[in-house]
Amino acid sequence: MVNVTKGILVEWYVDLKNDAAMKQLLLHLDETHALGNKFIVQDLDETHLFIAPEYLEVLQTRIDDLMDRISFPLAERETD
Amino acid sequence: MSVQQRTLDCKDLHSYLKTLTATVLDRLYNHPATCLAVFRELPELSRLYIMRILFVDQAVPKAIMGSWVSPNSAKELEDIVKLLTELRLWQEVEMQGGLKGWLLNPTFRRNLKGALLGGGNEWSMKPPTDADPKARGIAILDEYAMGRWECVLHFMVGSHQHEVISSDALQILQHAGLMKKEPGENQLTITRDGFQFLLMDTSAQVWYFLLQYLDTATARGLDLIDCLGFLFQLSFSTLGQDYSTDSMSDGLQKFLQHLREFGLVYQRKRKDGRFYPTRLALDIASGPKKSMLNAMTATSSNQNSGYIVVETNYRVYAYTDSSLQVALIALFCELMYRFPNLVVGIITRESVRQALRSGITADQIVSFLRQHAHPECYKEPPVLPSTIADQIKLWAIERDRFVYKDGVLYNQFDSQADFEILKNYAQERGVLVWHTTHGRKMVVTKEGHEEVRKFWKRHSRNGSM
(Lines give C-alpha, C1' and ligand atoms only; values in the text may rest on other atoms or scores of the structure.)
Protein backbone atom coordinates (compact mmCIF):
# COMPACT_ATOMS: atom_id res chain seq x y z
CA MET A 1 0.00 0.00 0.00
CA VAL A 2 1.14 3.49 -0.65
CA ASN A 3 -0.50 6.73 0.30
CA VAL A 4 -0.69 9.50 -2.31
CA THR A 5 -1.45 13.14 -1.45
CA LYS A 6 -1.56 16.13 -3.78
CA GLY A 7 -0.28 19.38 -2.39
CA ILE A 8 2.50 21.90 -2.45
CA LEU A 9 6.10 21.39 -1.48
CA VAL A 10 7.49 24.39 0.40
CA GLU A 11 11.21 24.91 0.09
CA TRP A 12 13.39 27.68 1.38
CA TYR A 13 14.72 30.30 -0.97
CA VAL A 14 18.22 29.28 -2.09
CA ASP A 15 20.08 31.89 -0.06
CA LEU A 16 18.04 31.24 3.03
CA LYS A 17 18.69 27.54 3.49
CA ASN A 18 18.11 26.51 7.08
CA ASP A 19 16.04 29.52 7.90
CA ALA A 20 14.83 27.78 11.04
CA ALA A 21 12.87 30.78 12.29
CA MET A 22 10.65 30.84 9.23
CA LYS A 23 9.91 27.18 9.62
CA GLN A 24 8.96 27.70 13.23
CA LEU A 25 6.65 30.46 12.10
CA LEU A 26 4.88 28.10 9.72
CA LEU A 27 4.59 25.44 12.41
CA HIS A 28 3.21 28.04 14.77
CA LEU A 29 0.62 29.22 12.24
CA ASP A 30 -0.36 25.61 11.76
CA GLU A 31 -0.69 24.78 15.46
CA THR A 32 -2.67 27.88 16.32
CA HIS A 33 -5.03 27.37 13.38
CA ALA A 34 -4.16 30.91 12.36
CA LEU A 35 -5.26 30.32 8.76
CA GLY A 36 -8.54 28.83 9.85
CA ASN A 37 -7.33 25.29 10.13
CA LYS A 38 -4.26 23.11 10.01
CA PHE A 39 -2.58 23.30 6.63
CA ILE A 40 0.66 21.34 6.96
CA VAL A 41 0.17 17.88 5.54
CA GLN A 42 3.61 16.58 6.42
CA ASP A 43 6.64 18.02 8.13
CA LEU A 44 9.25 16.50 5.83
CA ASP A 45 12.57 17.77 7.16
CA GLU A 46 14.31 20.95 8.31
CA THR A 47 14.01 22.58 4.93
CA HIS A 48 10.87 21.02 3.46
CA LEU A 49 7.21 21.10 4.32
CA PHE A 50 4.27 19.70 2.43
CA ILE A 51 1.12 21.80 2.65
CA ALA A 52 -2.45 21.64 1.43
CA PRO A 53 -2.82 23.61 -1.82
CA GLU A 54 -5.92 25.59 -0.81
CA TYR A 55 -4.00 27.47 1.89
CA LEU A 56 -1.24 28.76 -0.36
CA GLU A 57 -2.71 32.16 -1.08
CA VAL A 58 -3.68 33.03 2.47
CA LEU A 59 -0.31 31.81 3.69
CA GLN A 60 1.52 34.02 1.23
CA THR A 61 -0.46 37.06 2.32
CA ARG A 62 0.19 36.21 5.94
CA ILE A 63 3.95 36.06 5.45
CA ASP A 64 3.83 39.20 3.38
CA ASP A 65 2.02 41.01 6.21
CA LEU A 66 4.54 39.82 8.71
CA MET A 67 7.49 41.02 6.65
CA ASP A 68 5.69 44.29 6.27
CA ARG A 69 5.40 44.76 10.02
CA ILE A 70 9.09 44.23 10.66
CA SER A 71 10.41 46.64 8.03
CA PHE A 72 11.02 50.36 8.15
CA PRO A 73 11.23 52.91 5.33
CA LEU A 74 14.68 53.39 3.87
CA ALA A 75 14.31 56.27 1.49
CA GLU A 76 14.64 59.81 2.68
CA ARG A 77 11.73 61.91 1.66
CA GLU A 78 12.59 65.39 2.79
CA THR A 79 11.07 68.19 0.76
CA ASP A 80 13.56 70.56 -0.70
CA MET B 1 -3.68 25.59 -10.15
CA SER B 2 -0.08 26.48 -10.57
CA VAL B 3 2.05 28.10 -7.92
CA GLN B 4 4.89 29.23 -10.14
CA GLN B 5 5.12 32.95 -10.72
CA ARG B 6 4.04 33.22 -14.32
CA THR B 7 5.94 35.48 -16.64
CA LEU B 8 4.53 36.31 -20.03
CA ASP B 9 5.75 33.78 -22.51
CA CYS B 10 6.72 35.61 -25.64
CA LYS B 11 7.58 33.05 -28.27
CA ASP B 12 9.90 33.74 -31.16
CA LEU B 13 8.88 32.90 -34.70
CA HIS B 14 10.14 29.33 -34.62
CA SER B 15 8.59 28.40 -31.30
CA TYR B 16 5.32 29.80 -32.60
CA LEU B 17 5.52 27.78 -35.81
CA LYS B 18 6.24 24.65 -33.79
CA THR B 19 2.87 25.05 -32.10
CA LEU B 20 1.06 24.80 -35.43
CA THR B 21 -0.14 21.47 -36.70
CA ALA B 22 1.63 19.63 -39.50
CA THR B 23 -1.10 20.33 -42.05
CA VAL B 24 -1.09 24.06 -41.31
CA LEU B 25 2.69 24.16 -41.62
CA ASP B 26 2.63 22.35 -44.94
CA ARG B 27 0.07 24.79 -46.30
CA LEU B 28 2.09 27.68 -44.94
CA TYR B 29 5.16 26.63 -46.88
CA ASN B 30 3.14 27.06 -50.05
CA HIS B 31 4.11 30.68 -49.92
CA PRO B 32 7.61 31.78 -50.99
CA ALA B 33 7.65 34.75 -48.58
CA THR B 34 7.00 32.43 -45.64
CA CYS B 35 9.75 30.05 -46.71
CA LEU B 36 12.24 32.86 -47.02
CA ALA B 37 11.22 34.35 -43.66
CA VAL B 38 11.55 31.00 -41.93
CA PHE B 39 14.82 30.32 -43.70
CA ARG B 40 16.46 33.59 -42.73
CA GLU B 41 15.59 33.10 -39.07
CA LEU B 42 17.28 29.70 -38.91
CA PRO B 43 20.65 29.37 -37.15
CA GLU B 44 23.59 29.60 -39.54
CA LEU B 45 24.46 25.92 -39.56
CA SER B 46 20.92 24.93 -40.48
CA ARG B 47 20.91 27.46 -43.29
CA LEU B 48 24.11 25.94 -44.58
CA TYR B 49 22.57 22.48 -44.54
CA ILE B 50 19.50 23.63 -46.37
CA MET B 51 21.53 25.45 -49.00
CA ARG B 52 23.64 22.36 -49.59
CA ILE B 53 20.73 20.07 -50.23
CA LEU B 54 18.32 22.59 -51.77
CA PHE B 55 19.18 21.55 -55.31
CA VAL B 56 19.58 17.87 -54.62
CA ASP B 57 16.22 16.48 -55.65
CA GLN B 58 16.50 13.34 -53.58
CA ALA B 59 17.13 12.24 -50.02
CA VAL B 60 20.68 12.57 -48.70
CA PRO B 61 22.02 9.84 -46.40
CA LYS B 62 22.44 10.87 -42.77
CA ALA B 63 25.98 9.54 -42.72
CA ILE B 64 27.02 11.97 -45.45
CA MET B 65 25.35 14.91 -43.75
CA GLY B 66 26.98 13.99 -40.48
CA SER B 67 30.40 14.22 -42.11
CA TRP B 68 29.81 17.90 -42.95
CA VAL B 69 30.52 18.96 -39.39
CA SER B 70 33.57 18.13 -37.34
CA PRO B 71 33.00 15.50 -34.63
CA ASN B 72 33.23 18.04 -31.79
CA SER B 73 30.22 19.90 -33.16
CA ALA B 74 28.02 16.81 -33.02
CA LYS B 75 25.83 18.50 -30.42
CA GLU B 76 25.07 21.41 -32.74
CA LEU B 77 24.20 19.00 -35.52
CA GLU B 78 21.79 17.25 -33.18
CA ASP B 79 20.13 20.59 -32.39
CA ILE B 80 19.59 21.56 -35.99
CA VAL B 81 18.30 18.12 -36.90
CA LYS B 82 15.74 18.51 -34.14
CA LEU B 83 14.82 22.04 -35.20
CA LEU B 84 14.45 21.22 -38.89
CA THR B 85 12.37 18.17 -38.11
CA GLU B 86 10.09 20.08 -35.76
CA LEU B 87 9.53 22.78 -38.33
CA ARG B 88 8.82 20.05 -40.86
CA LEU B 89 11.44 21.47 -43.18
CA TRP B 90 12.76 17.98 -43.77
CA GLN B 91 11.81 14.49 -42.83
CA GLU B 92 13.50 11.20 -42.29
CA VAL B 93 13.17 8.71 -45.12
CA GLU B 94 14.36 5.19 -45.73
CA MET B 95 16.68 5.07 -48.73
CA GLN B 96 17.66 2.15 -50.92
CA GLY B 97 19.67 -0.43 -49.02
CA GLY B 98 18.08 0.49 -45.72
CA LEU B 99 20.08 3.69 -45.33
CA LYS B 100 18.39 6.46 -43.39
CA GLY B 101 18.40 9.83 -45.06
CA TRP B 102 16.90 13.31 -44.88
CA LEU B 103 14.57 14.64 -47.53
CA LEU B 104 13.73 18.31 -47.79
CA ASN B 105 10.03 19.09 -47.58
CA PRO B 106 9.13 19.30 -51.30
CA THR B 107 6.77 22.26 -50.86
CA PHE B 108 9.37 24.16 -48.91
CA ARG B 109 12.05 23.27 -51.46
CA ARG B 110 9.98 24.46 -54.39
CA ASN B 111 8.99 27.74 -52.80
CA LEU B 112 12.36 28.60 -51.31
CA LYS B 113 13.84 28.05 -54.76
CA GLY B 114 11.16 30.32 -56.13
CA ALA B 115 11.96 32.99 -53.57
CA LEU B 116 15.68 32.83 -54.26
CA LEU B 117 15.74 32.38 -58.02
CA GLY B 118 12.57 34.13 -59.04
CA GLY B 119 10.09 32.66 -61.48
CA GLY B 120 6.74 31.17 -60.63
CA ASN B 121 3.98 33.39 -59.41
CA GLU B 122 4.78 36.91 -58.24
CA TRP B 123 4.95 36.71 -54.43
CA SER B 124 6.06 40.10 -53.24
CA MET B 125 3.58 42.94 -52.86
CA LYS B 126 3.29 45.28 -55.79
CA PRO B 127 3.47 49.06 -55.65
CA PRO B 128 0.48 50.71 -57.31
CA THR B 129 1.04 51.70 -60.91
CA ASP B 130 0.55 55.40 -60.30
CA ALA B 131 2.49 57.41 -57.74
CA ASP B 132 0.67 58.53 -54.59
CA PRO B 133 -0.16 62.23 -54.95
CA LYS B 134 -0.11 62.52 -51.16
CA ALA B 135 2.93 60.35 -50.47
CA ARG B 136 3.90 59.87 -46.83
CA GLY B 137 7.44 60.15 -45.54
CA ILE B 138 9.11 57.82 -43.09
CA ALA B 139 8.88 60.32 -40.23
CA ILE B 140 5.11 60.57 -40.60
CA LEU B 141 4.77 56.79 -40.74
CA ASP B 142 6.83 56.38 -37.57
CA GLU B 143 4.78 58.96 -35.78
CA TYR B 144 1.55 57.36 -36.94
CA ALA B 145 2.63 53.87 -35.92
CA MET B 146 3.73 54.89 -32.45
CA GLY B 147 0.61 56.98 -32.02
CA ARG B 148 -1.70 54.10 -32.84
CA TRP B 149 0.20 51.66 -30.72
CA GLU B 150 0.31 53.99 -27.74
CA CYS B 151 -3.42 54.35 -28.07
CA VAL B 152 -3.78 50.67 -27.20
CA LEU B 153 -1.36 51.01 -24.28
CA HIS B 154 -3.14 54.15 -23.09
CA PHE B 155 -6.34 52.26 -23.04
CA MET B 156 -4.73 49.55 -20.94
CA VAL B 157 -3.38 51.92 -18.28
CA GLY B 158 -6.78 53.51 -18.24
CA SER B 159 -5.97 57.08 -19.16
CA HIS B 160 -9.18 57.72 -20.98
CA GLN B 161 -8.60 61.11 -22.48
CA HIS B 162 -7.75 59.38 -25.74
CA GLU B 163 -10.02 57.87 -28.29
CA VAL B 164 -11.52 54.53 -27.48
CA ILE B 165 -10.22 51.46 -29.26
CA SER B 166 -12.38 49.17 -31.38
CA SER B 167 -14.25 46.14 -30.16
CA ASP B 168 -11.91 43.85 -32.08
CA ALA B 169 -8.94 45.21 -30.18
CA LEU B 170 -10.89 44.85 -26.96
CA GLN B 171 -11.60 41.23 -27.72
CA ILE B 172 -7.97 40.54 -28.38
CA LEU B 173 -6.89 42.20 -25.15
CA GLN B 174 -9.37 40.05 -23.31
CA HIS B 175 -8.48 36.91 -25.18
CA ALA B 176 -4.80 37.49 -24.48
CA GLY B 177 -5.64 37.76 -20.79
CA LEU B 178 -4.14 41.24 -20.66
CA MET B 179 -7.40 42.74 -19.50
CA LYS B 180 -10.51 41.22 -18.02
CA LYS B 181 -14.02 42.15 -17.11
CA GLU B 182 -14.83 41.68 -13.44
CA PRO B 183 -18.25 40.14 -12.97
CA GLY B 184 -20.82 42.86 -12.45
CA GLU B 185 -18.65 45.58 -13.92
CA ASN B 186 -18.70 47.25 -17.28
CA GLN B 187 -15.14 48.46 -17.32
CA LEU B 188 -12.28 46.27 -18.36
CA THR B 189 -9.51 46.05 -15.79
CA ILE B 190 -5.92 45.24 -16.40
CA THR B 191 -4.56 41.85 -15.31
CA ARG B 192 -1.20 40.69 -13.97
CA ASP B 193 -0.18 39.70 -17.46
CA GLY B 194 -1.27 43.11 -18.65
CA PHE B 195 1.11 44.85 -16.27
CA GLN B 196 3.98 42.73 -17.47
CA PHE B 197 2.95 43.44 -21.04
CA LEU B 198 3.17 47.19 -20.47
CA LEU B 199 6.78 46.99 -19.42
CA MET B 200 7.93 44.95 -22.44
CA ASP B 201 9.59 46.79 -25.27
CA THR B 202 7.45 47.76 -28.22
CA SER B 203 8.52 45.09 -30.69
CA ALA B 204 7.91 42.36 -28.12
CA GLN B 205 4.51 43.87 -27.39
CA VAL B 206 3.54 43.94 -31.05
CA TRP B 207 4.68 40.38 -31.57
CA TYR B 208 2.87 39.11 -28.49
CA PHE B 209 -0.27 40.96 -29.47
CA LEU B 210 -0.17 39.55 -33.00
CA LEU B 211 0.29 36.00 -31.77
CA GLN B 212 -2.83 36.43 -29.70
CA TYR B 213 -4.60 37.96 -32.67
CA LEU B 214 -3.66 35.03 -34.90
CA ASP B 215 -4.97 32.70 -32.20
CA THR B 216 -8.42 34.14 -32.75
CA ALA B 217 -8.05 34.71 -36.49
CA THR B 218 -10.03 31.65 -37.46
CA ALA B 219 -12.80 32.60 -35.06
CA ARG B 220 -13.25 35.96 -36.77
CA GLY B 221 -13.53 34.34 -40.17
CA LEU B 222 -10.00 34.92 -41.36
CA ASP B 223 -7.72 32.29 -42.81
CA LEU B 224 -4.68 31.81 -40.57
CA ILE B 225 -2.49 30.82 -43.51
CA ASP B 226 -3.42 33.91 -45.52
CA CYS B 227 -2.80 36.18 -42.55
CA LEU B 228 0.56 34.66 -41.72
CA GLY B 229 1.58 34.74 -45.37
CA PHE B 230 0.61 38.39 -45.56
CA LEU B 231 2.54 39.24 -42.40
CA PHE B 232 5.65 37.63 -43.84
CA GLN B 233 5.15 39.53 -47.07
CA LEU B 234 4.91 42.71 -45.05
CA SER B 235 8.18 41.93 -43.36
CA PHE B 236 9.88 41.97 -46.77
CA SER B 237 8.44 45.30 -47.77
CA THR B 238 10.22 48.64 -47.86
CA LEU B 239 9.59 51.40 -45.37
CA GLY B 240 8.19 54.50 -47.03
CA GLN B 241 6.98 52.60 -50.09
CA ASP B 242 3.28 52.32 -50.81
CA TYR B 243 1.72 49.05 -51.90
CA SER B 244 -1.40 48.26 -53.82
CA THR B 245 -4.39 46.58 -52.21
CA ASP B 246 -5.88 45.59 -55.57
CA SER B 247 -5.01 41.91 -55.57
CA MET B 248 -5.99 41.34 -51.96
CA SER B 249 -8.89 39.06 -51.04
CA ASP B 250 -11.77 40.26 -48.87
CA GLY B 251 -10.38 38.40 -45.87
CA LEU B 252 -7.02 40.08 -46.26
CA GLN B 253 -8.66 43.48 -46.67
CA LYS B 254 -10.33 42.93 -43.32
CA PHE B 255 -7.03 41.85 -41.82
CA LEU B 256 -5.42 44.96 -43.27
CA GLN B 257 -7.98 47.14 -41.52
CA HIS B 258 -7.10 45.51 -38.20
CA LEU B 259 -3.40 46.02 -38.81
CA ARG B 260 -4.18 49.60 -39.67
CA GLU B 261 -5.89 50.08 -36.36
CA PHE B 262 -2.83 48.97 -34.43
CA GLY B 263 -0.54 51.10 -36.54
CA LEU B 264 1.16 48.28 -38.42
CA VAL B 265 0.13 49.75 -41.74
CA TYR B 266 -0.87 53.24 -42.71
CA GLN B 267 -3.78 53.98 -44.98
CA ARG B 268 -5.06 57.45 -45.56
CA LYS B 269 -8.49 56.30 -46.64
CA ARG B 270 -9.93 52.83 -46.66
CA LYS B 271 -10.82 53.09 -50.35
CA ASP B 272 -7.45 54.47 -51.30
CA GLY B 273 -6.22 51.27 -52.93
CA ARG B 274 -2.82 51.66 -51.36
CA PHE B 275 -1.18 51.28 -47.97
CA TYR B 276 2.18 51.91 -46.35
CA PRO B 277 3.72 49.35 -44.00
CA THR B 278 5.21 50.93 -40.86
CA ARG B 279 8.20 49.92 -38.80
CA LEU B 280 5.99 47.92 -36.46
CA ALA B 281 5.11 45.61 -39.36
CA LEU B 282 8.60 45.33 -40.82
CA ASP B 283 9.75 43.90 -37.53
CA ILE B 284 7.36 41.04 -37.20
CA ALA B 285 9.10 38.07 -38.69
CA SER B 286 12.24 38.64 -36.67
CA GLY B 287 10.17 38.20 -33.53
CA PRO B 288 11.04 39.88 -30.28
CA LYS B 289 14.76 39.21 -30.25
CA LYS B 290 16.26 41.65 -32.70
CA SER B 291 14.42 44.63 -33.84
CA MET B 292 14.59 47.67 -35.99
CA LEU B 293 12.40 49.45 -33.50
CA ASN B 294 15.30 49.75 -31.14
CA ALA B 295 17.20 51.47 -33.89
CA MET B 296 14.30 53.83 -34.27
CA THR B 297 14.30 54.51 -30.53
CA ALA B 298 17.97 55.37 -30.69
CA THR B 299 17.78 57.71 -33.66
CA SER B 300 14.53 59.56 -33.28
CA SER B 301 14.30 62.59 -31.06
CA ASN B 302 13.27 63.06 -27.43
CA GLN B 303 9.93 61.28 -27.49
CA ASN B 304 11.20 57.75 -27.83
CA SER B 305 14.71 57.94 -26.48
CA GLY B 306 15.38 57.36 -22.80
CA TYR B 307 13.91 59.82 -20.38
CA ILE B 308 14.45 58.36 -16.93
CA VAL B 309 17.16 59.34 -14.46
CA VAL B 310 17.40 57.34 -11.27
CA GLU B 311 19.53 58.58 -8.42
CA THR B 312 21.07 56.53 -5.64
CA ASN B 313 18.65 58.16 -3.16
CA TYR B 314 15.76 56.35 -4.89
CA ARG B 315 14.59 59.44 -6.67
CA VAL B 316 13.32 59.08 -10.20
CA TYR B 317 13.27 61.96 -12.64
CA ALA B 318 11.33 61.34 -15.82
CA TYR B 319 11.70 63.92 -18.55
CA THR B 320 8.49 63.35 -20.40
CA ASP B 321 5.18 64.94 -21.23
CA SER B 322 3.50 61.72 -22.30
CA SER B 323 0.79 60.63 -19.92
CA LEU B 324 1.43 57.03 -20.97
CA GLN B 325 5.02 57.17 -19.81
CA VAL B 326 3.99 58.81 -16.58
CA ALA B 327 1.39 56.11 -16.04
CA LEU B 328 4.02 53.43 -16.62
CA ILE B 329 6.36 54.95 -14.07
CA ALA B 330 3.53 55.29 -11.60
CA LEU B 331 3.20 51.50 -11.71
CA PHE B 332 6.19 51.13 -9.40
CA CYS B 333 6.98 54.69 -8.25
CA GLU B 334 5.38 57.11 -5.87
CA LEU B 335 4.95 60.34 -7.80
CA MET B 336 5.91 63.50 -5.94
CA TYR B 337 5.95 66.47 -8.28
CA ARG B 338 4.70 66.99 -11.77
CA PHE B 339 5.89 69.67 -14.15
CA PRO B 340 4.99 70.21 -17.79
CA ASN B 341 7.96 68.18 -19.04
CA LEU B 342 9.24 66.50 -15.90
CA VAL B 343 7.88 64.11 -13.30
CA VAL B 344 9.66 63.43 -10.04
CA GLY B 345 8.95 60.29 -8.12
CA ILE B 346 10.50 58.11 -5.51
CA ILE B 347 10.94 54.37 -5.46
CA THR B 348 9.85 53.09 -2.08
CA ARG B 349 9.48 49.67 -0.64
CA GLU B 350 5.75 50.18 -0.61
CA SER B 351 5.55 51.27 -4.25
CA VAL B 352 7.68 48.37 -5.41
CA ARG B 353 5.65 45.93 -3.36
CA GLN B 354 2.52 47.35 -4.91
CA ALA B 355 3.97 46.57 -8.32
CA LEU B 356 5.06 43.10 -7.26
CA ARG B 357 1.59 42.42 -5.95
CA SER B 358 0.05 43.35 -9.28
CA GLY B 359 2.26 40.77 -10.91
CA ILE B 360 5.23 42.72 -12.21
CA THR B 361 8.58 41.11 -11.46
CA ALA B 362 11.65 42.85 -10.09
CA ASP B 363 13.59 42.04 -13.24
CA GLN B 364 10.97 43.74 -15.35
CA ILE B 365 11.16 46.93 -13.32
CA VAL B 366 14.94 46.97 -13.45
CA SER B 367 15.12 46.28 -17.16
CA PHE B 368 12.46 48.90 -17.81
CA LEU B 369 14.50 51.52 -15.95
CA ARG B 370 17.64 50.50 -17.82
CA GLN B 371 15.94 50.45 -21.19
CA HIS B 372 14.51 53.91 -20.84
CA ALA B 373 17.45 55.51 -19.09
CA HIS B 374 18.18 59.08 -20.07
CA PRO B 375 21.07 59.47 -22.58
CA GLU B 376 23.01 61.38 -19.90
CA CYS B 377 23.02 58.24 -17.76
CA TYR B 378 24.97 56.37 -20.41
CA LYS B 379 27.90 58.71 -20.02
CA GLU B 380 28.71 57.31 -16.61
CA PRO B 381 27.89 53.63 -16.25
CA PRO B 382 26.23 51.91 -14.54
CA VAL B 383 23.14 53.32 -16.17
CA LEU B 384 21.00 52.36 -13.20
CA PRO B 385 22.73 52.68 -9.81
CA SER B 386 23.44 49.16 -8.63
CA THR B 387 22.10 49.90 -5.16
CA ILE B 388 18.70 50.56 -6.66
CA ALA B 389 18.72 47.48 -8.86
CA ASP B 390 19.82 45.33 -5.91
CA GLN B 391 17.30 46.83 -3.53
CA ILE B 392 14.41 46.25 -5.91
CA LYS B 393 15.45 42.63 -6.23
CA LEU B 394 15.82 42.32 -2.45
CA TRP B 395 12.33 43.64 -1.95
CA ALA B 396 11.10 40.99 -4.31
CA ILE B 397 13.04 38.21 -2.62
CA GLU B 398 11.67 39.27 0.73
CA ARG B 399 8.22 38.29 -0.51
CA ASP B 400 9.51 34.96 -1.77
CA ARG B 401 11.27 33.54 1.22
CA PHE B 402 9.76 30.26 0.28
CA VAL B 403 9.73 28.46 -3.01
CA TYR B 404 6.45 26.72 -3.65
CA LYS B 405 6.20 23.75 -5.96
CA ASP B 406 3.15 21.79 -6.99
CA GLY B 407 3.78 18.22 -6.09
CA VAL B 408 2.43 14.89 -5.03
CA LEU B 409 3.56 13.22 -1.83
CA TYR B 410 4.00 9.45 -1.67
CA ASN B 411 4.36 7.93 1.77
CA GLN B 412 3.49 4.89 3.87
CA PHE B 413 5.30 2.42 1.67
CA ASP B 414 5.02 -1.17 2.82
CA SER B 415 8.61 -2.09 2.18
CA GLN B 416 11.95 -0.48 1.58
CA ALA B 417 12.17 -2.34 -1.74
CA ASP B 418 8.92 -0.82 -3.03
CA PHE B 419 10.10 2.61 -2.04
CA GLU B 420 13.47 2.16 -3.75
CA ILE B 421 11.87 0.98 -7.00
CA LEU B 422 9.45 3.87 -7.19
CA LYS B 423 12.05 6.41 -6.14
CA ASN B 424 14.51 5.21 -8.77
CA TYR B 425 11.84 5.24 -11.42
CA ALA B 426 10.89 8.84 -10.61
CA GLN B 427 14.55 9.82 -10.47
CA GLU B 428 15.26 8.37 -13.90
CA ARG B 429 12.30 10.26 -15.33
CA GLY B 430 13.60 13.43 -13.71
CA VAL B 431 10.34 14.06 -11.85
CA LEU B 432 11.59 13.38 -8.32
CA VAL B 433 11.65 16.61 -6.32
CA TRP B 434 12.49 15.40 -2.84
CA HIS B 435 12.87 12.14 -0.99
CA THR B 436 14.01 10.73 2.28
CA THR B 437 14.94 7.12 2.91
CA HIS B 438 14.45 7.59 6.59
CA GLY B 439 10.65 7.69 6.62
CA ARG B 440 10.21 6.36 3.06
CA LYS B 441 8.65 9.51 1.70
CA MET B 442 9.03 11.09 -1.69
CA VAL B 443 7.59 14.04 -3.62
CA VAL B 444 7.25 14.00 -7.40
CA THR B 445 6.21 16.85 -9.67
CA LYS B 446 2.58 17.30 -10.60
CA GLU B 447 3.41 16.60 -14.24
CA GLY B 448 5.27 13.41 -13.41
CA HIS B 449 2.62 12.05 -11.10
CA GLU B 450 0.50 10.35 -13.75
CA GLU B 451 3.48 8.47 -15.13
CA VAL B 452 4.69 7.36 -11.71
CA ARG B 453 1.21 6.30 -10.72
CA LYS B 454 0.83 4.12 -13.82
CA PHE B 455 4.22 2.58 -13.17
CA TRP B 456 3.26 1.85 -9.60
CA LYS B 457 0.02 0.20 -10.67
CA ARG B 458 1.86 -2.05 -13.14
CA HIS B 459 4.47 -2.81 -10.55
CA SER B 460 2.11 -3.69 -7.72
CA ARG B 461 -0.03 -5.85 -10.00
CA ASN B 462 2.98 -7.84 -11.11
CA GLY B 463 4.16 -8.06 -7.55
CA SER B 464 0.93 -9.50 -6.21
CA MET B 465 0.67 -12.20 -8.87
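Computed from a prediction, not measured in an experiment: that's the story for all the values here. In what follows, every chain begins at residue 1, and chains take the letters A, B, ... in the order their sequences are listed. Hydrogens, waters and symmetry mates are skipped; everything else that's a heavy atom, side chains included, is used.
Residue A/Glu57 does not touch chain B at all, counting heavy-atom pairs closer than 4.5 Å. For a residue to count as touching a neighbouring chain, one of its non-hydrogen atoms must lie under 4.5 Å from one of that chain's; by this rule B/Arg453 does not touch chain A. With a 4.5 angstrom heavy-atom cutoff, A/Leu59 touches chain B only via side-chain atoms. For B/Arg440, no part lies near chain A; criterion is any non-hydrogen pair under 4.5 Å.
For the side-chain contact (heavy atoms from CB on, under 4.5 Å) test, no residue two or more places apart in sequence or in another chain qualifies with B/Ser367. Residues satisfying the side chain to side chain donor-acceptor pair (under 3.5 Å) criterion with B/Glu451, sequence neighbours excluded, are B/Arg429.
Shown here is A/Lys6, whose NZ atom has no more than 12 heavy atoms of other residues, nucleotides or ligands within 6.0 Å. Under a cut-off of 6.0 angstrom, the local environment of CZ in B/Arg357 is crowded, with over 12 non-hydrogen atoms contributed by other residues, nucleotides or ligands. Within 6.0 Å of NE2 in A/His28 there are 12 or fewer heavy atoms belonging to other residues, nucleotides or ligands.
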Show the numbers, then the answer: is there a side chain to side chain contact (heavy atoms under 4.5 Å, CB included) between B/Val408 and A/Val4?
CA-CA 7 Å; B/Val408 179; A/Val4 177; 3.3 Å; yes
Derivation of the side chain to side chain contact (heavy atoms under 4.5 Å, CB included) call for A/Ile8 and B/Asp406
CA-CA 5 Å; A/Ile8 288 167; B/Asp406 276 322; 3.7 Å; yes
Verdict with supporting geometry, A/His48 and B/Val443, side chain to side chain contact (heavy atoms under 4.5 Å, CB included)
CA-CA 10 Å; A/His48 292 86; B/Val443 177; over 6 Å; no
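Nearest heavy-atom pair, B/Tyr404 versus A/Ile63, reported as atom, atom and distance to 0.1 Å: OH-CD1, 3.8 Å. Of all non-hydrogen atoms in B/Lys441 and A/Asp43, the two that sit nearest each other are NZ-O, 4.3 Å.
To the nearest 0.5 Å, atoms CG (A/Asn3) and CG (B/Leu409) are separated by 7.5 Å.
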